[in-house]
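Single-structure report; data block below.
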Protein chains: 2
Amino acid sequence: MRRLLELQQKLLPDLTRVLRERYMLLRSIYHLQPIGRRGLAQAMNTTERILRSEVELLKETGLLTVTAAGMQLSGEGQQVLDDMEPLVGELFGLRDLAEGLQKKLGIPEVIVVQGDADQSPWVKAELGRVGARVLKQAIQEGDIVAVTGGTSIASVANHLTPSASFKHVQFVPARGGLGERVELQANTLAAAMAAKTGATYRLLHVPDRLHPEALQTLLKEPQVQDVLALLQNTRIVLHGIGDAIAMARRRNYSEEELADLAEAGAVSEAFGYYFNEAGETVHRMPTIGLQLEEVHKAETVLSIAGGESKAKAILSFAKQSCQNVLITDEGAARALLSTRL
Amino acid sequence: MRRLLELQQKLLPDLTRVLRERYMLLRSIYHLQPIGRRGLAQAMNTTERILRSEVELLKETGLLTVTAAGMQLSGEGQQVLDDMEPLVGELFGLRDLAEGLQKKLGIPEVIVVQGDADQSPWVKAELGRVGARVLKQAIQEGDIVAVTGGTSIASVANHLTPSASFKHVQFVPARGGLGERVELQANTLAAAMAAKTGATYRLLHVPDRLHPEALQTLLKEPQVQDVLALLQNTRIVLHGIGDAIAMARRRNYSEEELADLAEAGAVSEAFGYYFNEAGETVHRMPTIGLQLEEVHKAETVLSIAGGESKAKAILSFAKQSCQNVLITDEGAARALLSTRL
DNA sequence: ATATACAGGGACAAAAAACGTCCCGATCAA
DNA sequence: TTGATCGGGACGTTTTTTGTCCCTGTATAT
């Protein structure tokens, strides 16, 4: 494929530019639909007229339909967008980035999506879309999937679709309450994923900020024990990676606690663990759930994190060397590759 | 590849049109170089200005160089033209034509080049170029290659290049003098091919229009016997297919003989044999050389014929069902496919 | 050597396409 | 019902493409 592209580019030098632009257009429409000309023009920061020409062309090709509510992708347009996925790597040079990361971080598989989650809101959605696709491919009957909270994982939940392969799958929250907003909590997302796919789910109801003694009591509860037993047999871990300080702040840590974390050198966060640059655990959220050893035992660990601001955190967590697949974005990838080892 | 092209076409509807045009441009330059803007514009019947824009673009891409003598392909341009070969089948729908012919005529491999040899002079050159390529692929050490005369085969000779694989190959004329112009005779072409490739060759010197008795005498000549013995071990036959009447006329048949041929239903001609629509031999040139049985015995029979006017002849000869590869052009292919079985 | 024919490149007006901008009636959501 | 937003029409302006002609240099044949 690469060869064909190079050949075509010699005969039609701005082929890739056009393909890139059209791809971004389709993708934007997909994420914003139904959307009007003006709104879209603003979102893609281009002019209304120029966008109009593009849209008219895509309309003639039948890739998008135009209603009074705005424009949206047709079935074929959706199909084309999906079919383009492998092409995108070449068009934006993402394949090279992915290979570079793979080598640098020692992760078996790396997928890089175009854009920067810090700058463009839809990039998070893209991460979710790709994450959902990868999860669907990895899933096997009877799997136990441990999921964490966070915006990236929430995005995956959003893009999951019903499928027979999820029939006997169980989604289990990786950890109990972590003090996040409810729509981003692991419990919520496990349930949401189950609902979207047709799988089943379990919950881990652990109130926030419990005293250690109360925690011990809870641990004896049959329901809780049940879930913990399931977590020990986790085959797939689906988790996000957070910036340590940002996560702590989101979880309403006091200024004092934040200072402690910073002093300890915490850089990244995942399933309630905080890691320093060397990948060592420097702090744990006071709750119960998936243990780090169990993550290492899992067959497939799917990490999702994007945005330039996440680069340091990704690098830190990669030290765990337990990941099988990393899904990230261009912004993070470039930042990672430009830092010295 | 096909899939990628379809995808691209949805995003850039006139991609294939542009690729087609640029390909034809490169090809025309290749066949006419060095050529000036005006001459080329006339040859491709387009305007000077529009061609100029195209040329400027290709020049910037480095595909052609511009000298005071005119423009010509650069090394890279040459390379691109070669690399495009597989693409051309898709762009011009030639793959479908080839498959159709393969089915209809029962020939294992069919290659169709773009254009019509009756209309555009360079199509014959293209047939030769492709023929040379195929021959080069088919050749093995120690092969004996029987070649016929004719313009198509002459074109193959023109496009052959030196190669180590031709080291111990012998080119042998399929038949003795057949009354054609010397530059199209089998003898000449066998020698030419040997010279171009670095192979060796043998000649079959048989004067035109010999009496049967004289022929018998000649047959006893050691030199002749030698060549005939070689022909019995022919592994590759490289031959053209002619329209029966046209060939006879080119060979200065009398009006009376022509009438006889026509009455006998002669349609096609190859290595001195004339066949009717059913593929039956209705006449033979009075000379010596490769026998029809030997053609059937050969491992590879490479037939080359193009132009709409050759369609009937190709169909007739295909009845022999001894061909392995047919190289023809769009004009002939379309005509063949549009005739009832 | 010289004439000639043909090469590429420059120039420029005409034509066409692309673009910026504004408006309008329809439609949907509040 | 109201207000915001939708797609499509309209139109002048800008940019690009195209047609046309000319000029100078260079091969080639005489």
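Below, all heavy atoms of this structure are taken into account, side chains as well, without hydrogens, waters or symmetry copies. Per chain, numbering begins at 1; letters A, B, ... match sequence-line order. Treat the numbers as computed from the prediction; the structure is a model and nothing was measured.
Counting any heavy atom pair closer than 4.0 Å across all strands shown, L40(B) reaches no nucleic acid atom.
In this structure, the CD atom of E56(B) is 13 Å from the P atom of dA11(C), given to the nearest Å. For the pair L64(B) CG and dG8(C) C1', the computed distance is 13 Å after rounding to whole Å. Atom CD in Q42(A) sits about 16 Å away from atom P in dA4(D), given to the nearest Å. Atom-to-atom, CG of L57(B) to P of dT18(D) comes out at 12 Å; the value is rounded to the nearest Å. In this structure, CG of L51(B) is placed 10 Å from P of dG8(C), rounded to the nearest angstrom. Atom CG of L32(A) and atom C1' of dT5(D) are 15 Å apart (whole Å). Separating the CD1 atom of I50(A) from the C1' atom of dT16(D) is a distance of 14 Å, rounded to the nearest angstrom. What separates CD1 of I35(B) from P of dC6(C) is a distance of 10 Å, to the nearest Å.
Place G70(A) and R37(B) on DNA chain D by their nearest nucleotides, and G70(A) ends up nearer the 5' end. Along DNA chain D, the nucleotide nearest to R49(B) and the one nearest to R38(B) differ in position, and the one closer to the 5' end is contacted by R49(B).
OP1 or OP2 of dC19(C) has not a single side-chain nitrogen or oxygen of T47(A) nearer than 4.0 Å.
Of the candidate nucleotides dC22(C), dC28(C), dG8(C), dC28(C) has the atom lying nearest to any side-chain atom of A69(A). Out of dA7(C), dT26(D), dG7(D), the shortest distance to the side chain of A68(B) is found at dT26(D). In the set dC22(C), dG8(C), dT20(D), dC22(C) carries the atom at the smallest distance from any side-chain atom of E48(A).
Nearest heavy atoms, Y201(B) versus A190(B): CB-O, 3.8 Å. Here the shortest heavy-atom pairing between M84(B) and Y23(B) reads CE-CB, 3.6 Å. Between S74(B) and T65(B), the shortest heavy-atom distance links the atoms CB-CG2, 3.9 Å. Shortest non-hydrogen contact noted between G242(B) and M247(B) is CA-CG, 3.8 Å.
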Evaluate R129(B) against E85(B) for salt bridge (charged side-chain N to carboxylate O under 4.0 Å, His left out), listing each step before the verdict. CA-CA 11 Å; R129(B) 203 161 66 96; E85(B) 208 99 358; 3.5 Å; yes
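No N or O donor and acceptor, one from the side chain of R52(B) and one from the base of dG19(D), sit under 3.5 Å apart.
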